[in-house]
Structure formats: C-alpha cells, structure tokens
Amino acid sequence: MTEIRLSNTRTRKKDVFTPIDAQNVRMYVCGPTVYDRAHLGNARPVVVFDVLNRLLRHVYGAEHVTYVRNFTDVDDKINAAAVARKQAGAPGTLEELVQQRSDETIGWFLKDMGALGALEPDHAPRATAYIPQMVTMTQELITRGHAYEAEGHVLFAVESYKDYGKLSGRSIDDMIAGARVEVAPYKRNPMDFVLWKPSTDELPGWDSPWGRGRPGWHIECSAMSYELLGETFDIHGGGNDLQFPHHENEIAQSCCVHPESKFANYWLHNEMLQVEGKKMSKSLGNFFTVRDLLDQGVPGEVIRFVFLQTHYGKPMDWTDEKAKHAEATLRKWKGLVAGIEPAPSPAPELLAAIADDLNTAGAIAVMHRQAKDGAGAALRASLDFLGFDPSVAVEPVTSAVSDRLEHLRDRLETLRSNAMATKDFSEVDRLKAALVEAGFEVRISKKGVEVLASGQIDTSKLDALCE
RNA sequence: GGCGAGUUGGCGGAGUGGUUACGCAGCGGAUUGCAAAUCCGUGUACAGGAGUUCGAUUCUCCUACUCGCCUCCA
C-alpha cells in the first residue's frame with residue numbers, strides 16, 4: 001500500500017498517515033461562508049483537498065473514504081444581503097430571503113469549483129441544518145463547566161481548557177498582551193469566544209435555552225464533524241488563516257465535550273494565495289472571483305494546473321504569466337494523449353510524489369518526463385488522477401468555428417500547392433498571417449497544412465476571412 | 001509586540017549530506033519557400049554569516065529580507 005505522508009500542523013512534522021480505520025477514512029475541511037461568489041483564494045483549499053481526497057480514494061478505495069466540507073450559512077453578510085433585498089421590495093420573509101441567498105451562492109460555488117475539476121465531497125452540510133446539535137453541544141459545555149452565559153450570550157471559557165492555543169503555538173497571556181480588539185465587558189477572559197449570541201427580531205434566529213439567537217461561527221464545525229464523522233476522525237483541513245482562532249476554538253469545543261477524543265489526528269493547512277506578488281484585496285484592486293477568470297476565458301483546469309504547480313504549504317502567487325504557461329503545457333499534453341487509452345493505474349513515481357505530502361509540483365515534473373518519453377498512456381493516467389479531463393479540449397472550439405476552420409484550412413492548402421509551383425508565396429503568407437492574427441496556430445509541413453486553435457479566438461476576424 | 005511560513009539559475013519550480021532535476025524563455029543546429037510545430041545540443045543556481053562534517057544548497061544556530069495570522073478573510 002502506498003505510504004502517505006502529510007505535514008501535520010499538530011505535530012509540526014511530516015507524519016506518516018495512518019487512518020483510525022482503513023475501512024472508513026474520514027476528512028473534514030472547512031468550507032466557505034456562502035455570502036457571495038467564491039474568490040480565487042477560496043479555490044485553493046478546494047483544489048488542494050480535492051487532490052488529497054483523490055489520493056485517499058485511490059489508496060483506500062472510494063467507498064472507504066468520507067469527505068465532509070461544510071457550508072456556513074449563518075453569517076452577518078448573508079443577513080445583510082437579505083435585508084438589502086427585502087428593502088428593495090423582494091417578496092418573502094427575511095428568513096426565506098436569507099435561505100435564497102445561501103442557496104444561490106452554494107449553487108455558484110459548486111459550479112465554479114466543478115469547473116476547476118473538484119469532485120464534490122460526500123457530505124456538504126449546511127450549518128442551519130445542525131442548529132439543534134449546536135445547542136446541545138453548547139449546553140454540554142456549560143454543564144461541564146467550560147462555558148457560561150452572560151447577557152444573552154454563551155461564551156467559551158478558554159481558561160477551562162489547558163491546551164488552548166496548542167495547535168497554533170500561542171499562549172493566552174501573549175495573545176491578550178498583543179490584542180488589538182476591544183473586549184466585550186461581559187467576557188471573563190478577553191480571549192473567551194462566542195458559542196451563542198442573541199438575535200434581534202429582524203434577524204434569523206432559533207429558540208434556545210438562552211433565548212432566541214444564533215450560533216457563533218466555530219461551534220458549527222464541531223457539531224457537524226461530530227455528527228458526520230464521530231468524536232475523533234483522521235484529517236481536518238483548511239486555510240492557514242483558520243488556524244487561529246477558528247481551528248483552535250473547534251478543538252477546544254470538541255475536546256471539552258468529548259474529553260476522551262483527540263478530535264482530528266492530522267491537521268493540514270494550505271498557505272494563502274497572492275496575486276502578482278501581493279495579497280488579494282479589494283483596496284488593491286486585484287480582487288477577483290473564480291467566475292471572473294472563467295468568464296475572461298481562462299479555463300478551469302488552467303487555474304487548477306497553476307494551483308498544483310505550487311506546493312500547498314507555500315504561498316502561491318497567481319499571475320497571468322503562469323496561466324499562459326499552464327495553458328500551453330496542458331494543450332501540448334492533451335495533444336499527446338489524444339486518442340490514447342490511459343494506463344490502468346497512475347505511474348508509481350506520480351503516486352509517490354502525491355503521497356509525499358501532496359507534492360503536486362513534483363508530480364508535474366513526473367508528467368513532463370512522461371511527455372518527453374512519449375509515454376502517452378502513463379501521461380493520460382496522470383492527468384486523470386490529478387483531475388484533468390484529457391477528453392476535453394482546453395479551449396472548446398464551437399462547431400461553427402470548426403466548420404469555417406476546415407474551409408480556411410482547405411483554402412490555405414490550395415494556395416500553398418499553387419505557390420509551390422509558382423514560387424510566389426505572398427497569398428499564402430497573407431492568409432497565414434490573418435489566421436494567426438485571429439488566434440490560430442498554423443503548421444505547414446510536407447505532410448500538409450494544419451490549423452489549430454491556440455488561444456483566444458477572435459471570431460470577428462474569422463468571419464472576415466470567410467467572406 | 002506574539003506566533004508561523006518562506007528565501008534555489010532570466011522566470012517558474014522540484015530535490016538531495018558528495019554524481020549538471022524539470023518546464024518556460026534564451027542561444028546554437030536540423031527541418032522549412034519563410035515560419036510555426038517538432039527533434040538534437042546548450043544551463044553548475046541554491047539569501048548572508050558562523051558551526052557540525054572528510055565534504056552542506058541539503059543538518060544546527062544567528063542575521064537580513066519577504067509574506068501570512070493574531071480583526072467570524074480559505
């Protein structure tokens with residue numbers, strides 16, 4: 001069996017992965033808050049853990065892996081969007097409008113991530129479907145002396161959990177010293193965090209022993225992972241910005257309710273994404289969504305390829321340059337594997353690279369070697385394994401384009417054979433240049449003439465050529 | 001201030017205690033009506049300093065720089 005090694009934030013080492021139960025390998029990844037379109041940064045963990053999911057399925061068998069990724073649909077930004085709609089005169093109650101907003105955002109998310117070649121998890125629980133479980137857990141924390149009620153809020157008492165801060169390597173005292181946030185007066189310790197908070201009448205809320213309210217952010221992951229994966233499971237993942245406080249708080253909640261459990265054995269965190277060397281932010285004007293890129297004609301798998309070029313534990317820089325190179329490489333490889341059956345299983349070297357802490361960049365190096373060696377079947381199996389569909393052209397050429405392309409190719413061929421006799425190549429060169437201008441690649445060899453789509457096709461220029 | 005990640009040839013980016021990864025670009029050649037594509041050849045880099053070692057880019061320590069988190073942003 002392939003030995004998988006993973007960088008474990010908990011131990012700060014690369015650990016050999018040993019599942020609790022090889023018949024049921026369990027992974028929980030923190031999913032998005034569904035208030036708006038996913039930006040490019042949101043896509044990184046999705047792709048990273050998609051690769052891990054595929055690896056686990058390959059090694060343990062698809063039916064022996066359970067992958068859970070939640071949707072956070074309790075959030076002030078969702079509420080704000082719903083309120084705005086309500087004020088604009090949209091029909092329905094506010095709760096319905098909240099639900100609507102979440103529904104549509106979830107639909108976008110799945111579609112956009114599907115375009116990146118990400119398989120959907122086995123379970124994609126929504127926080128709103130687990131409120132009773134969160135209430136129960138919160139109550140249990142109070143009973144066990146780890147939480148207290150204050151002014152309609154329920155707060156987790158960080159001092160009641162001795163390992164608080166262990167995952168992220170922080171001490172409560174240091175954090176208090178460096179705190180930059182104003183502390184609510186009802187907190188016993190400034191680091192105490194909210195398990196439950198009151199809702200106003202206008203906002204979505206649920207009945208609870210502490211009045212009508214809504215859960216704090218962290219409790220949902222504790223409740224849902226327990227419901228779907230049990231007290232202790234194998235892998236917990238997410239972006240490294242979640243390490244503190246989100247994951248720290250999840251651990252505190254879960255371990256205090258289930259003192260015998262370790263919660264998650266392996267913690268994986270992906271590093272952040274940057275754009276052209278800078279943090280993606282609205283103020284810098286370099287903020288964009290996955291959909292923006294797709295709409296600009298950047299194929300989803302090009303985005304996927306660029307992501308996989310950088311190890312998940314390193315900051316990744318998104319640049320147009322990389323996207324261009326990725327597209328060229330994918331196009332080349334797809335040409336190489338066209339019509340070739342994939343090898344029955346991915347090559348051992350490829351698997352070894354991925355199993356070594358998801359060394360996707362190393363895997364790409366293996367694929368370059370396969371391409372160079374003309375190992376089409378192996379390359380195709382590699383592409384399949386990493387979630388690239390070789391049967392789909394990088395840039396789908398519409399039939400309308402391909403018909404005209406055929407016509408132009410014939411014309412070019414005729415012109416060329418004439419020119420070979422007359423030695424006057426001016427007509428050939430003119431058509432060739434025009435085709436290149438319109439976004440095609442022209443190859444003329446002894447065997448004949450080939451015209452291929454090579455990038456952004458300018459259909460208006462194509463139309464002009466056909467007249 | 002606290003915690004953490006990183007720094008490899010023009011660019012991207014693996015890997016290794018001692019034998020030039022690889023890709024792109026570039027350069028030379030083959031091929032071509034010219035190109036493109038393809039093929040062949042071509043690259044001694046590992047932030048700085050100290051230490052361990054027969055030997056370090058690879059291990060340890062220090063310094064510099066970059067970046068992230070500490071704000072319900074993945």
Side-chain angles (χ1 to χ4, degrees), chain A residues 7 9 12 29-33 35 38-49 69 72 74-77 165 167-182 191 193-194 197 215-220 237-246 248-249 269-274 277-282 287 306 309-315 317 319 321-322 324-326 328-329 332 335 353 356 359-369 371-372 416 419-420 422-426 428-429 432-433 435-436 440-447 449-452 454:
Chain A
S7 285
T9 309
R12 304 190 187 284
V29 174
C30 290
T33 301
Y35 63 95
H39 64 248
L40 192 62
N42 290 307
R44 172 116 106 135
V46 172
V47 171
V48 165
F49 291 104
R69 187 185 61 213
T72 299
V74 179
D75 178 76
D76 289 342
K77 283 184 285 245
L167 178 76
S168 51
R170 296 155 199 252
S171 79
I172 295 174
D173 291 344
D174 285 346
M175 285 188 286
I176 292 170
R180 299 185 304 203
V181 209
E182 207 152 317
M191 297 312 295
F193 58 90
V194 170
K197 58 186 165 187
W217 172 39
H218 316 292
I219 192 73
E220 63 177 85
N240 77 349
D241 56 336
L242 295 181
Q243 204 179 105
F244 188 90
H246 184 57
E248 202 69 71
N249 294 355
H269 290 100
N270 62 277
E271 251 291 351
M272 297 291 102
L273 174 124
Q274 300 182 309
K278 295 205 174 73
K279 179 178 173 159
M280 182 159 82
S281 75
K282 285 180 177 160
F287 180 95
V306 171
Q309 276 183 301
T310 302
H311 187 260
Y312 74 87
K314 287 188 179 182
D317 193 18
T319 65
E321 184 80 3
K322 282 185 181 178
K324 258 194 274 180
H325 285 159
T329 304
K332 191 165 121 185
D356 180 14
N359 185 357
T360 48
I364 287 171
V366 171
M367 291 161 83
H368 276 299
R369 217 169 303 133
K372 198 186 172 103
R416 179 173 174 269
M420 291 296 273
T422 63
K423 297 293 172 204
D424 174 10
F425 290 91
S426 54
V428 182
D429 287 342
K432 192 171 76 181
L435 282 166
V436 169
F440 296 97
E441 185 185 301
V442 179
R443 300 182 188 174
I444 300 173
S445 69
K446 277 180 227 157
K447 285 184 224 141
V449 174
E450 276 185 286
V451 181
L452 307 163
S454 75

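Residue numbers begin at 1 in each chain, while the letters A, B, ... track the order of the sequences. Quick note: numbers below take in every heavy atom, side chains included, and nothing from hydrogens, waters or symmetry partners.
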5'-most contact on RNA chain B (nearest-nucleotide basis), Cys30(A) vs Thr329(A), goes to Thr329(A)

Gln243(A) atom CD is separated from rA74(B) atom P, nearest whole Å, by 16 Å

Using the C1' atom in both, what is the distance from rU8(B) to rC65(B), to the nearest Å? 16 Å

If I take atom CD in residue Glu271(A) and atom P in nucleotide rU66(B), what distance separates them, rounded to the nearest angstrom? 16 Å

Rounding to the closest angstrom, what is the interatomic distance between rG6(B) and rG13(B) at atom P? 14 Å

Quick one: label Phe244(A) by what it contacts on the DNA or RNA (base, sugar-phosphate, nothing), any heavy atom closer than 4.0 Å. sugar-phosphate

Do Lys372(A) and rC22(B) have a side chain to base donor-acceptor pair shorter than 3.5 Å? no

Restricting to salt bridge (charged side-chain N to carboxylate O under 4.0 Å, His left out), what partner residues turn up for Asp317(A), sequence neighbours left out? none

Pairing annotation in dot-bracket form, given for RNA chain B with Watson-Crick or G-U pairs under 3.5 Å and | for cross-strand partners: (((((((..(((.....[...))).(((((.......)))))....(((((..]....))))))))))))....

Scan Gly238(A) against the nucleic acid and name what it touches under 4.0 Å (heavy atoms): base, sugar-phosphate only, or nothing. sugar-phosphate

Are there any protein N/O atoms within less than 3.5 Å of an N/O atom in nucleotides 12-16 of chain B, and if so, which ones and at what distance?
{"unit_1": "rG13(B)", "atom_1": "OP1", "unit_2": "Thr310(A)", "atom_2": "OG1", "d": "3.4"}
{"unit_1": "rG13(B)", "atom_1": "OP1", "unit_2": "Lys322(A)", "atom_2": "NZ", "d": "3.3"}
{"unit_1": "rG13(B)", "atom_1": "O3'", "unit_2": "Gln309(A)", "atom_2": "O", "d": "3.4"}
{"unit_1": "rA14(B)", "atom_1": "OP1", "unit_2": "His311(A)", "atom_2": "N", "d": "3.4"}
{"unit_1": "rA14(B)", "atom_1": "OP2", "unit_2": "Lys314(A)", "atom_2": "NZ", "d": "3.3"}
{"unit_1": "rA14(B)", "atom_1": "O3'", "unit_2": "Asn359(A)", "atom_2": "ND2", "d": "3.0"}
{"unit_1": "rG15(B)", "atom_1": "OP1", "unit_2": "Asn359(A)", "atom_2": "ND2", "d": "2.7"}

Can you tell me, in whole Å, how much space there is between the P of rU71(B) and that of rC61(B)? 29 Å

Provide the distance between the two P atoms, one in rA47(B) and one in rG15(B), to the nearest whole Å. 15 Å

Using a 4.0 Å heavy-atom cut-off, does Lys324(A) contact any base of the nucleic acid, only the sugar-phosphate backbone, or nothing at all? nothing

Distance between the C1' atoms of rU7(B) and rU58(B), in whole angstroms? 15 Å

Roughly how many Å apart are rU52(B) and rG2(B), using the C1' atom of each and rounding to a whole number? 32 Å

For His368(A) and His39(A), take the nucleotide of RNA chain B holding the closest heavy atom to each; which residue's nucleotide lies nearer the 5' end? His368(A)

Given the C1' atoms of rA25(B) and rU63(B), what is the spacing between them in whole Å? 35 Å

Please report the distance separating the P of rC54(B) from the corresponding atom of rC46(B), rounded so that it comes out in whole Å. 24 Å

